[in-house]
Amino acid sequence: MPRYDPKRIETKWQAYWDENETFKTPEEPTGPEKLYVLDMFPYPSGNGLHVGHPEGYTATDITCRFARMRGKHVLHPMGWDAFGLPAEQHAIKTGTHPSVTTYKNIDTFRRQLKMLGFSYDWNREFSTTDPDYFRWTQWIFLQIYDTWYDAACEWTGPDGKQRIGRGRPISELPIPPEIQDSGEEAVRRYQDKYRLAYQHEAPVNWCPALGTVLSNEEVDAEGRSERGDHPVERLPLRQWMLRITAYADRLGDDLDGVDWTESIKLLQRNWIGKSHGAEVDFYIGAPNAELQTELGTPVGFEQWKAIRSGGGLPQEAGSDVLRVYTTRPDTLYGATYMVLAPEHPYVERLTTAGQQQKVTEYCRQAALKSDLDRTDLAKEKTGVFTGAYAINPVSGEPVPIWVADYVLISYGTGAIMAVPAHDLRDWEFAAEFDIPITPVVAPPVGYKPSKDELALARDVDGEKECAFVGVGTAINSGDYNGLSTDEFKQKISADLAEQGLGSTAVNYKLRDWLFSRQHFWGEPFPIWHELDDDGNLTGLLRADADSELPVTLPENFDFKPHGRPDPPLDEAPDEWLFKTADDGTKLKRETNSMPQWAGSCWYYIRFCDPKNDQQFIDPEKEKYWLPVDLYIGGAEHAVLHLLYARFWHKVLFDRGHLSIPEPFQRLVNQGMILGEAELTGFKDQSGNWLSVEQVPADNFDGERVQLDSEQVTKKGEKFVLKENPAIIVESRAHKMSKSRGNVINPDDVVDRCGADALRLYEMFMGPLEQVKPWNMSGVEGVFRFLGKVWRMIADERADDVGLNAAVQDAAPTAEQSRVLHKTIKAVTEDIEKLSFNTAISRMMEFTNAIGSHDVRPVSVLKPFVQLLAPFAPHVAEECWQLLGETDTLTYAPWPEFDEKYLVESEIEIPVQVNGKLRAKIKIPADADQTTMQTAAEADETVAANLDGKQVVKVIVVPGRMVNFVVKG
RNA sequence: GCCGGAGUGGCGGAAUGGCAGACGCGCCGGAUUCAAAAUCCGGUGGCCGUAAUGGUCGUGUGGGUUCGAGUCCCACCUCCGGUACCA
């Protein structure tokens, strides 16, 4: 009677694990080898789990269960990244406090995760919204706030590695004497400029509809909000920034030591975007001097050069120069104009009276556009001439200064020297505005212009003329002529440095991190603003003392947006918002809140010591558990979350709170699970079929028809309609989404087939890192497999759960031993490789081989059940018990395979003639080459193929194959 | 455009440079059954062939290296993901 019944089995064992705290993490911070396996914790949305979540979770769970059976101490926790906009928007709509919604959603998520039988240590669960947790998030923020980056500091970390550059306490920042002399306030303001957390007036993405400011990542390419698709405009606002750029180098370099795929490392490196080049100063004259508007002899240039050659390059560019950054200092002689970003501070000053109106209007237009608009619309280069000139430091020639929005204020110095002959953007601009183009690099002999270069080519006297962006030999460059690009770069950088006109420089694409949000539902900043007598911010700050943490959110709060870009907390009750310090200074709380990234930046640390109310982590526990040995999550976090978390980690490392420099030793991104594959046909408005290539890419106004597989057939690469093979239909799987209606709910799957089947299917679909379409009958396939396992061990026809009569205390046959040990070997190796799909195939092969044997020895089945346990733990526990065990198999030692059972006395090998398979022969496994060749020649088919031919060569690979190379 | 990843049966996929398509889904045939479900057995890349332990073609396309290529090299095509003037 008892068929395989996942409902009964899974409920039973989940209760058992709960009661016995089976997965409680061993406490001692010493002892056997540890393994810390972490999932990227979820945002508990109101929709509950979808089938994408359990993919990574199952992979980590298998790894953990496997490790426990191999005697390791395993840390496998779960928690909630629960601050975020949806709960706040729900609050605005319904008046329900976000914490109520959040904790309700968490309950759903927890129930669903428990239903899947994951071996988390639930004692360690927390949410980023718990005051006991965000107390330490705030504490870490204060650590960052208390830190400045000493780029020159040489030191040896607790990991024994020598480094240059270290985050140090702000109290150790050297204060220049003139600042010191100006009093305490000047010192404080000076320090504030160097902190890793600082305030900055920044244009932000204000979304009136959401009533909030969005990060660049939350705005799509059309300049609309990712959530809700509302229009977004730019607005300057006081923001908190974190100086992640200080760590750019170390964030890039330390990637060498972690075990991530090269493609993810590359993604991070590209995001950091380190480039080497030079900074060069172009003389523009003192601020109040007559502007250089004539093409005559430059005024003051020679004197300036003389001063520079004596004093060297000032660390900060003075007001008499425009400083530019270039990766091609070798093209300095070809700089025929300069460009300032519209936001560049010198624009106004450099603009001549005649150009004033045009420049002002241009800058105003540029300010209205968002970053994305600006790049998007800028198919054609735009810009205006300021009327002013700078002096090329090497040639002494005046070069016109333009303003153009293709130069970004946020990269480099916000100003460039434009070398149209050797830069495509400059070429395009120069061609548009008729600016001279002077080639200064000769391409190598025989060079053919690239696609891009050709695309922008222009006709000069009937000849095609192209930009050249590659490396070559210097021309038109004075004494440097004839040098290769590389030699030139080195030489001119050295020369410029010697003359005090420039220096080598490094730049990064990485920007500082905009760390404040105008939300209610986020961690408050533990920061106070000093107020003047009129209640205005003075710009001076005070941090809360550690003892005052956590700073909790105000209890009674009206969630209705007040319609201003100021944060909602600006409307918080006065007793939360204001206080008077002991010295009588009036203080107002910071009302921005932290972004969702904050909580997820360090949760992996807290899991090691989640209940500690004295420290964010006990150093002993930190040393034992960190780093995370395996971290699995979605590729969407491959850049930002990982970069941010690594940054915090490094600050804490520099400040002596952590002993290792990198948090995540091994990282794996699981691939997305798509909805079921769909066949879609298209009809125009009159109901006629359209072939896929006739369907317009956008604005399709006809009808989409979901087709049955019966209605189509494959023709070449494509699927076509059976009734009209000229009509090609679309065949693809789409991302699961509510609007498409193809979302699979794990509750339904568990209800139909059980958690073990769901887990098994998610792993069986294909390689973990790959994108894969869901297929419901695939779940039924693995469900059948589990049924087979069940019948192999249990008696399906008995009234009560009992052993199948074929399961006996008998000695295994040689064949059974061989199959078992082959399976142990394969499954073990596959789990270690995270190749779970093939591991499951191996177990299916085992069942196919052993399942029908009349005598199935217990000594063969027990190890098999253990192999199955990490994948399908519930049914494995049940079988384990059936086989006579009384304790959970969670800690039953993993079976070892024995080589001796794997050797086969006789093997079958292929015989090829000229590389083509002609026969398969059986030979003794240890046959030598001569024996193999003789055996091969003796085969009838082979002999026939060799007959009358001349054997040129025979390749014999022992134990593998024989190949005859013949002629004639 | 640039950067990454991937193209193998009807589908998901497997294959240290050595028997392509393991395993599963689907499909076809059979057994069991009054019947069905469930289960079990067999077959299943294309073409040729009465048959097979037969022939032949076959891993996106075109070239190459090799006794031998899905796998290595070169050029290209398509799809998916990321990114957007970074000087």
Side-chain angles (χ1 to χ4, degrees), chain A residues 3 221 261-264 266-267 269-271 273 275 277 324-328 331 339 371-372 374-376 378-379 381 404-408 410-419 423-426 428-429 451-452 455 507-511 635-636 638-639 671-672 674 677 709 712-714 717 719 731-733 761 764-767 769-782 784-785 787-788 791 796 835 837-845 848 851-852 908-917 919-920 939-941 952-955 957 960-966:
Chain A
R3 283 222 186 126
T261 61
E262 279 308 313
S263 63
I264 296 171
L266 197 66
L267 219 55
R269 286 205 178 95
N270 289 345
W271 193 266
S275 75
V324 302
Y325 172 73
T326 176
T327 53
R328 291 292 299 268
T331 60
V339 185
D371 272 353
L372 284 157
R374 238 159 89 165
T375 55
D376 219 38
K379 302 282 181 243
K381 296 261 180 299
D405 67 3
Y406 81 91
V407 171
L408 308 174
S410 47
Y411 184 76
T413 61
I416 62 158
M417 63 173 213
V419 185
D423 182 284
L424 291 172
R425 299 153 297 183
D426 298 343
E428 204 184 343
F429 189 84
K451 254 192 234 164
D452 294 335
N507 250 298
Y508 304 91
K509 286 195 218 176
L510 184 69
R511 307 291 154 78
E636 65 273 21
V639 178
M672 199 184 350
L674 305 174
S709 61
V712 301
T713 180
K714 192 141 189 182
E717 300 257 279
F719 281 92
S731 164
R732 60 169 291 196
Y761 175 64
F764 188 59
M765 289 170 84
E769 300 185 58
Q770 200 164 296
V771 177
K772 307 162 278 268
W774 186 265
N775 180 314
M776 204 58 212
S777 46
V779 188
E780 280 151 23
V782 294
R784 278 203 282 273
F785 162 66
K788 230 169 177 175
R791 288 190 301 276
E796 194 174 38
S835 178
N837 55 331
T838 50
I840 295 166
S841 300
R842 298 299 169 208
M843 291 189 282
M844 287 173 169
E845 285 178 290
N848 290 343
S852 56
E908 193 184 58
I909 59 152
V911 182
Q912 300 174 346
V913 176
N914 281 346
K916 282 190 181 176
L917 178 70
K920 295 174 187 179
D939 183 88
E940 262 179 58
T941 324
V952 181
K953 200 172 169 186
V954 184
I955 290 123
V957 184
R960 270 262 184 256
M961 48 80 65
V962 181
N963 186 13
F964 294 93
V965 185
V966 301

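Just so we're on the same page: letters track the sequence lines, and every chain starts at 1.
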When rounded to whole Å, the CD to C1' distance for the pair A/Glu428 and B/rC85 reads 9 Å

Across every strand shown, the nucleotide meeting Watson-Crick or G-U wobble geometry with B/rG54 (both distances under 3.5 Å) is B/rC48

Against the side chain of A/Leu266, the closest entry in B/rG24, B/rC57, B/rG4 is B/rG4

Regarding the side chain of A/Phe719, the nearest nucleotide among B/rC19, B/rC11, B/rA87 is B/rC11

> Is A/Arg791 near enough to B/rC40 that one of its side-chain N or O atoms lies under 4.0 angstrom from OP1 or OP2?
Replying inline: yes

Exercise for review: Using a cut-off of strictly less than 4.0 Å, decide whether A/Arg732 has a side-chain nitrogen or oxygen near OP1 or OP2 of B/rC11.
Suggested key: no

Next item on the list: Using the P atom on both, measure B/rA35 against B/rA51 and round to a whole Å.
Entry: 33 Å

Rounded to whole Å, the CZ-C1' distance (A/Phe785 to B/rC23) equals 10 Å

Taken to the nearest 0.5 Å, the spacing of A/Tyr411 OH from A/Ile416 CD1 works out to 12.0 Å

Atom CG of A/Asn914 and atom P of B/rC67 are separated, to the nearest Å, by 12 Å

Tell me whether the side-chain N/O atoms of A/Asn837 come closer than 4.0 Å to OP1 or OP2 in B/rA14.
yes

What's the gap between B/rG26 and B/rC19 when it is taken at their P atoms, as a whole Å value? 30 Å

Against the side chain of A/Lys772, the closest entry in B/rG18, B/rC19, B/rG13 is B/rG13

**Message:** Within the 4.0 Å heavy-atom criterion, would you say A/Gly412 contacts the bases, only the backbone, or no part of the nucleic acid?
**Reply:** nothing

### Query
Side-chain N or O of A/Lys953 less than 4.0 angstrom from OP1 or OP2 on B/rC67?
yes

To the nearest angstrom, the CG-P distance between A/Leu674 and B/rC79 comes to 17 Å

Taking a pair to mean Watson-Crick or G-U wobble geometry with both distances below 3.5 Å, B/rG17 pairs with none

To the nearest angstrom, the CD-P distance between A/Glu845 and B/rG24 comes to 8 Å

By the Watson-Crick or G-U definition, both distances under 3.5 Å, B/rC11 is matched with B/rG24

Would one find a side-chain N or O of A/Asn848 under 4.0 angstrom from OP1 or OP2 of B/rG24? yes

By the 4.0 Å heavy-atom rule, please label A/Gln770 as base, sugar-phosphate, or nothing. sugar-phosphate

From the candidates B/rC57, B/rC25, B/rG18, the one with an atom nearest any side-chain atom of A/Met961 is B/rG18

Across every strand shown, the nucleotide meeting Watson-Crick or G-U wobble geometry with B/rU59 (both distances under 3.5 Å) is none

Across every strand shown, the nucleotide meeting Watson-Crick or G-U wobble geometry with B/rG29 (both distances under 3.5 Å) is B/rC41

Glycosidic torsion of B/rG9 (syn if within 90° of 0, anti otherwise) classifies it as syn

### Query
Taking the side chain from A/Asn914 and the backbone from A/Val966, do they hold a donor-acceptor pair closer than 3.5 Å?
yes

Closest to the side chain of A/Val407, out of B/rA87, B/rC67, B/rC85, is B/rA87

Atom CE of A/Met672 and atom C1' of B/rG82 are separated, to the nearest Å, by 12 Å

By the Watson-Crick or G-U definition, both distances under 3.5 Å, B/rA35 is matched with none

- Message: I'd like to know if A/Arg3 reaches the base of B/rU39 with its side chain such that a donor and an acceptor end up less than 3.5 angstrom apart.
- Response: no

Using the P atom in both, what is the distance from B/rC40 to B/rC25, to the nearest Å? 10 Å

inquiry  = Rounding to an integer number of angstrom, what distance separates B/rA36 and B/rA31 when you compare their C1' atoms?
reply    = 15 Å

#### Entry: Inter-nucleotide C1' distance (B/rC47, B/rG42), Å rounded
24 Å

With the side chain defined as heavy atoms from C-beta on, A/Leu917 is closest, among B/rU16, B/rA20, B/rA14, to B/rA20

For B/rG81, the nucleotide meeting Watson-Crick or G-U wobble distances (both under 3.5 Å) is B/rC3

Side-chain contact check for A/Phe764: nearest option of B/rG18, B/rC23, B/rC40 is B/rC23

Respond yes when some side-chain nitrogen or oxygen of A/Arg784 is under 4.0 Å from OP1 or OP2 of B/rC25, and no when none is. yes

Under 3.5 Å, is there a donor-acceptor pair between the A/Lys953 and A/Asn963 side chains?
no

NZ (A/Lys772) and CZ (A/Phe764) are apart, to the nearest 0.5 Å, by 13.0 Å

| Side-chain contact, heavy-atom cut-off 4.5 Å: A/Val782 with A/Met844? | yes

*Should A/Lys714 be listed as having a side-chain N or O under 4.0 Å from OP1 or OP2 of B/rC11?*
yes

Of B/rG13, B/rC67, B/rC85, the nucleotide closest to the side chain of A/Pro767 is B/rG13

In Watson-Crick or G-U wobble terms, with both distances under 3.5 Å, the base opposite B/rG68 is none

- Please work out if A/Met765 contacts a base, only the sugar-phosphate, or nothing of the nucleic acid, heavy-atom cut-off 4.0 Å. sugar-phosphate

Original post:
Should A/Gln912 be listed as having a side-chain N or O under 4.0 Å from OP1 or OP2 of B/rC67?
Top reply: no

Closest heavy-atom pair, A/Gln912 versus A/Met961, reported as atoms and distance to 0.1 Å, is OE1-CE, 3.4 Å

Query raised in the report: Does A/Glu262 reach the side chain of A/Arg269, with side-chain heavy atoms less than 4.5 Å apart?
Result: yes

Geometric cation-pi criterion, A/Lys381 with A/Phe429: 6.0 Å, 45°: no

If only side-chain N and O atoms of A/Ser275 are considered, is one of them under 4.0 Å from the OP1 or OP2 phosphate oxygen of B/rA87? yes

| query | When you compare B/rG63 with B/rG10, how far apart are their C1' atoms, in angstrom units rounded to a whole number? | reply | 32 Å

A/Ser263 has its side chain closest, among B/rC85, B/rG5, B/rA87, to B/rG5

field: C1'-based separation of B/rG9 from B/rG21 [nearest Å]
entry: 7 Å

### Query
What interatomic distance, in whole Å, is found between C1' of B/rA20 and the corresponding atom of B/rG13?
13 Å

Exercise. State, with a plain yes or no, whether a side-chain heavy atom of A/Met765 is found less than 4.5 Å away from one of A/Asn775.
Key: no

Rounded to whole Å, the CD-P distance (A/Glu636 to B/rG82) equals 10 Å

From CD of A/Glu796 across to C1' of B/rA38 the rounded distance in Å is 8 Å

